[in-house]
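What follows is a short report on a single structure.
Because only heavy atoms are used, hydrogens play no part in the values below, and waters and symmetry mates are left out as well, while side chains stay in. The sequence lines fix the lettering, A, B, ..., with proteins before strands; numbering per chain opens at 1.
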Amino acid sequence: MNLAITTWNINSVRLRFPIVKDFLEAERPDILCLQETKTPDDRFPANDFKALGYLHQAFVGNKGYNGVAVLSRLPFTARDAMQMCGRADARHQSVTLAPDARKAAGITIHNFYVPAGGDEPDPVVNDKFAHKLAFLADMDRWCGSMTPTSRPAILVGDLNIAPYETDVWNHKQLLGVVSHTPIETQTLEKLRADHGWIDAIRTHRPEPERVYTWWSYRAQDWKAADRGRRLDHVWLSPDLGPKLQMTSIHKQARGWDRPSDHVPVTVRLAL
DNA sequence: ATGGTTGTCATACAA
């Protein structure tokens, strides 16, 4: 069977529902992972997703900020929402696919929304940057606590870091900009490699190709300027590496009506 | 060096 998983920082799931619906009807991924839903659980558009076939849902949200959701056509059993850095701020949601999810049974999907980190890349003067670094340290400890029963696993989400030189439009110019500073890029790359995660996007689109998943709202013409960053990621546990079939970055979504500043990223596995 | 935009909720603040 094929398993398709999409990750998308949606920047308000309620405002953006029309384009999410268009995307799901066209692409039909098995699982959609959203970040920045900005919606408390009692106002999450659960029935709208059910009407599209996404019957199995796990989400946590806050009013106006953060929030993650996993919407699935396949059934899942376990679910978990970790309190990263000890905060109940809705930045993680995982599900484990059920025995009747056929060959995908037992795969755990972790959906993360790493803090953006504010403007000043100095943890001493900027609490938000300190939080981002603490969050990465938490992720590192959590990866270290994974056991054979934690796998197979897929980690997706808005990690708010562009780790490689060709993950940004201008490496030198962004070295001091939060999302591409050495402390962030080195910490993320070490965390990924230390725990054996496979960077699915870069497997199919290796450096030096420039690959972006986010374009700022502040550009007059995002497409002409093309000043993007690769902030959204899909990581596979080592056992899933050989199953990776295809990755798609749906760049056209940045040009849709009332777009998110992030575009959907889909991976397909042949199980 | 600076400001540029968007979303939530209706004012600053986060991104």
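In this entry the distance linking CG of A/Leu34 with C1' of B/dG7 reads 16 Å, nearest Å. Following rounding to the nearest Å, A/Trp222 (CH2) and B/dA15 (P) show an atom-to-atom distance of 23 Å. For A/Tyr65 and B/dA14, the OH to C1' distance is 11 Å, given to the nearest whole Å. A/Glu36 has its CD atom 14 Å from the C1' atom of B/dT5, to the nearest Å. The distance between atom NZ of A/Lys223 and atom P of B/dT5, rounded to the nearest whole Å, is 21 Å. We find that NZ of A/Lys63 is positioned 16 Å from P of B/dA14, with the value rounded to whole Å. Between A/Leu15 atom CG and B/dT6 atom C1' the separation is 9 Å, expressed in whole Å. The CD-C1' distance, from A/Gln173 to B/dA1, rounds to 12 Å in whole Å.
Going from the P atom of B/dG3 to that of B/dG7 covers 22 Å, rounded to whole Å. Nucleotides B/dA10 and B/dT6 are separated by 15 Å at their C1' atoms, to the nearest Å. Of the C1' atoms belonging to B/dA1 and B/dA12, the separation is 25 Å, rounded to the nearest Å.
Closest approach of A/Trp214 to A/Asp261, counting heavy atoms only: NE1-OD2, 3.1 Å. Taking each heavy atom of A/Ala162 and A/His180 in turn, the nearest pair found is O-ND1, 2.7 Å. Smallest separation of non-hydrogen atoms from A/Trp256 and A/Pro259: O-CD, 3.2 Å.
Aromatic rings of A/Tyr113 and A/His92 (six-membered ring for Trp) have centroids beyond the 6.0 Å cut-off, not under it. Aromatic rings from A/Trp142 and A/Phe112 are positioned such that their centres are separated by under 6.0 Å.
The phosphate of B/dT8 has OP1 or OP2 within less than 4.0 Å of a side-chain N or O from A/Ser12. At least one side-chain nitrogen or oxygen of A/Arg258 sits closer than 4.0 Å to the OP1 or OP2 atom of B/dG7.
Each of A/Pro115 and A/Pro40 lies near DNA chain B, and the nucleotide nearest A/Pro40 is the one positioned closer to the 5' end. Each of A/Arg16 and A/Lys128 has a nearest nucleotide on DNA chain B; the 5'-most of these lies closest to A/Arg16.
Within 4.0 Å of A/Arg227, counting heavy atoms only, lies no atom of the nucleic acid at all. Residue contacts shown for A/Gln220 are absent, as no nucleic acid heavy atom lies under 4.0 Å away.
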